[in-house]
Protein chains: 2
Amino acid sequence: MASIALGFEAAGIQTKDRNVKKNKDVPAEEHSGPLMADVARLAGVAISTVSRALANPGRVNEKTRAKISAAAKQLGYTPNAMARGLRVGKSNIIMIILPGSLHYGASQIIPQILQGINRSLSQHGYHLMIANLDRDETSEQHILDLAFGGTVRGVIIFSSQLPVDGNRSLADTALPIVSLLLDMSESSLPSVVTNDRQAVRQATQELIELGHTRFLYIAGPTGNYHDVERYGGALEALREAGLSEQHVVRSGGAHSYQLGFRTGVEAADDFARLEVKPTAVIATSDDMAISFMSRVQRMGWNIPTDLSLVSFDGSPVCEFSTPPLSTIEQPVEEMGQAAVALLIERIEQAHIRTATRIVVPSRLIRRESMAAAKPGLNILRS
Amino acid sequence: MASIALGFEAAGIQTKDRNVKKNKDVPAEEHSGPLMADVARLAGVAISTVSRALANPGRVNEKTRAKISAAAKQLGYTPNAMARGLRVGKSNIIMIILPGSLHYGASQIIPQILQGINRSLSQHGYHLMIANLDRDETSEQHILDLAFGGTVRGVIIFSSQLPVDGNRSLADTALPIVSLLLDMSESSLPSVVTNDRQAVRQATQELIELGHTRFLYIAGPTGNYHDVERYGGALEALREAGLSEQHVVRSGGAHSYQLGFRTGVEAADDFARLEVKPTAVIATSDDMAISFMSRVQRMGWNIPTDLSLVSFDGSPVCEFSTPPLSTIEQPVEEMGQAAVALLIERIEQAHIRTATRIVVPSRLIRRESMAAAKPGLNILRS
DNA sequence: TTGTACGCGTTATCAA
DNA sequence: TTGATAACGCGTACAA
């Protein structure tokens, strides 16, 4: 016991002498921290006992366990993750694949997602590695190296494409994969999504209740999952109200969501050119709504008097535009948590193979940008 | 050669039989991809030759190299990163430590930083792992486990505190560490920063040239590095112009940058209470400026007629506020690249030990929120 | 309950 | 230029 109270060096433990006794084939001395063998020596037990004491504290005598953990603490021992990983054939690193360009303007979904996911993962003892899926070959190779090289234990994918390179495809991995925000459950990937369609439908319904009958829809990239869902939701609401598809004008569709500001600016120009002006605008991202509003206000229109506006994302900044913007807030934190839960379930119970879809509902935040339609205008158009 | 043209299974290579011949102590069959031994067998060479061919292609006969890489490709072989890492005592994972709460409102610095860093790292063959430094013990432990457990090879820190837990402190690591955005070069950490001080000084100078002599400064958390620098810059400009410290009123200081919107709202209230109104406002984040502007506009002040406004961060959304906001854009991408360059230099040439400081200049984007001071008011106050 | 011995998949040394 | 072999640090089946 006395020796345990002593310092690392003072205890006569020569950590370094493991490099002396076999003076051949010594790799670069990078890590060089105390080893399990050092802990064992200091505690006066075998290495395997140390291993057990640290991993299965129950399967070792309480007294020796205490001795060992004291020794470990004294030495500042940290187990080598790669050695453990190699031995058990697992790692505790989760990879999240992000779309190439992260620049989402006002929206904070990416950092929020990372935050939420990382927090959940930490609680379960996992770490988060990020990978960017640019559309070049190198980045796909990197991702596949990570997946097939045993570095990562599971994947959260936040992008539509599964990376492929030569023979290798992420789809062929034995690794658990969960799709986030994008519903890929039909490709048998468990997915965590929000109810884009229903949220837009509800927002449209509210606009209709406010007397609006002519809409401008500012679209995301044509064919994109989110855009299809959101536009579909708007159309559903129109149909329910007995309004034909003629009552909505589409703008946008040419740019990715990353170029939302530009899309909004162009939509404002489209709006200016319309002979029959809509009285309500549904933008599929806050960026679009913000730049659109900025431009149409400059052109002389008043929001919400002339034009109501609602958008998607729930960016905090929407509260401070003039007027404050109504927006559909995505439950980013919860989605991240759900994705992690799904993933960990698959990791720890490998037999689960059925595709799952978890829907975490979005929430409309009503602000001043939504108001009753100008009576005159709508009567004119009906 | 014929066999190389065959498929993996068809070539008679029984990958699995390595589990048969020694039927004891078989770890969980997680990875189970082709091994270097499989490649060697298919190519008809020794394992060590495969290793060389893949790592040092120069030191092996071109003909065998081709044979080996063909076999590797055919099998879809990916080297096991943990085995390699264990052997060479290095990993190729870089950890970035982010502050606990990432929610920065309109600013996009975090995703931009991650993007820039990840891109640079990928080019050098490294991967990025993120760690959140919440102020709880667990997150510090996680970070230290990563650092001392050999998982990571270097650290980029984007937070003021170095994690500590018991005996262990990140400061004691042999790992290369680079500080980003925060100047920690005096604590002998190489740092990549921007010229906060000078950028604010320049912006203040421009305001003075526009005739402004009374300022409201909306502060970040009191004592924070960025705030000290930025406020210092403002004061320097005042002094140069022969204006005393009396000419600037401070607001804020109570909240972190994450609560920038709130800080701005409170600053608007402070502004309303002031008997002598400043004619120019310097906000230390875009969030503060945005919410401040929203509130004072609602109170009836006009920007920029009554009040000029400039802020810090360069959020894209500033272009679309009404009026468009002048803001100091931080060169986030370049800073990330510089940090990576610094880090990799330290990794690959371990002897470098002098602290370095790289300053990447910020750039003022002038927009309509900055205009000439109302002549009357300033004459009144001079 | 503890110790011995072996192997995880790779790289590096040495000899051929 | 290539092949046999010994580590890297840890976990685990088995014997004690």
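Worth knowing before you read on, the calculation uses all heavy atoms, side chains too, and leaves out hydrogens, waters and symmetry mates. So you know, we letter chains A, B, ... as the sequences are listed, proteins then strands, and number each from 1.
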In whole angstroms, how far is the [atom2] atom of [N] from the [atom1] atom of [X]?
| X | N | atom1 | atom2 | result |
| --- | --- | --- | --- | --- |
| Lys90(B) | dG9(C) | NZ | P | 23 Å |
| Asn56(B) | dA12(C) | CG | C1' | 10 Å |
| Asn80(B) | dG7(C) | CG | P | 18 Å |
| Leu86(A) | dC6(C) | CG | P | 18 Å |
| Leu54(B) | dT10(C) | CG | P | 10 Å |
| Phe148(B) | dC10(D) | CZ | P | 15 Å |
| Arg84(B) | dG9(D) | CZ | C1' | 18 Å |
| Ile68(B) | dT11(C) | CD1 | P | 12 Å |

Pair up each side-chain donor or acceptor in residues 46-53 of chain B with any protein partner under 3.5 Å, not counting sequence neighbours, and list the distances.
none

The helix from dT1(C)-dA16(D) to dA16(C)-dT1(D): angle between end helix axes, five pairs per end, rounded to 10 degrees: 40°

Taking the side chain of [X] as heavy atoms from C-beta outward, which of [options] is closest to it?
| X | options | result |
| --- | --- | --- |
| Ala46(B) | dG3(D), dG9(D), dT11(C) | dG3(D) |
| Leu35(B) | dT1(D), dT2(C), dG9(C) | dG9(C) |
| Ser48(B) | dT11(C), dC10(D), dA4(D) | dA4(D) |

Taking atom types as they are modelled, is there a donor-acceptor pair under 3.5 Å from the base of [N] to the side chain of [X]?
| X | N | value |
| --- | --- | --- |
| Thr49(A) | dG3(C) | no |
| Arg52(B) | dG3(D) | yes |
| Arg87(B) | dA7(D) | yes |

Taking side chain as C-beta onward, heavy atoms only, is [X] less than 4.5 Å from [Y]?
| X | Y | value |
| --- | --- | --- |
| Val39(B) | Leu54(B) | no |
| Glu140(A) | Glu137(A) | no |
| Ile347(A) | Ile94(A) | yes |
| Leu182(B) | Phe158(B) | no |

Polar contact flag, side-chain donor to acceptor under 3.5 angstrom, Ser169(A)-Asp172(A): no

Heavy-atom donor-acceptor pair, Arg153(B) side chain to Ser91(B) backbone, under 3.5 Å: yes

5' precedence on DNA chain D between Met82(A) and Asn61(B) (nearest-nucleotide basis): Asn61(B)

Residue met sooner reading DNA chain D from 5', once Ala83(B) and Gly58(B) are mapped to nucleotides: Gly58(B)

side-chain hydrogen bond (donor to acceptor under 3.5 Å, both in side chains) partners for Asp145(B), two or more places apart: Arg168(B)

Side-chain N or O of Tyr77(B) closer than 4.0 Å to phosphate OP1/OP2 of dT10(C): yes

Distance test, side-chain N/O of Thr64(B) to OP1/OP2 of dT1(D), below 4.0 Å: no

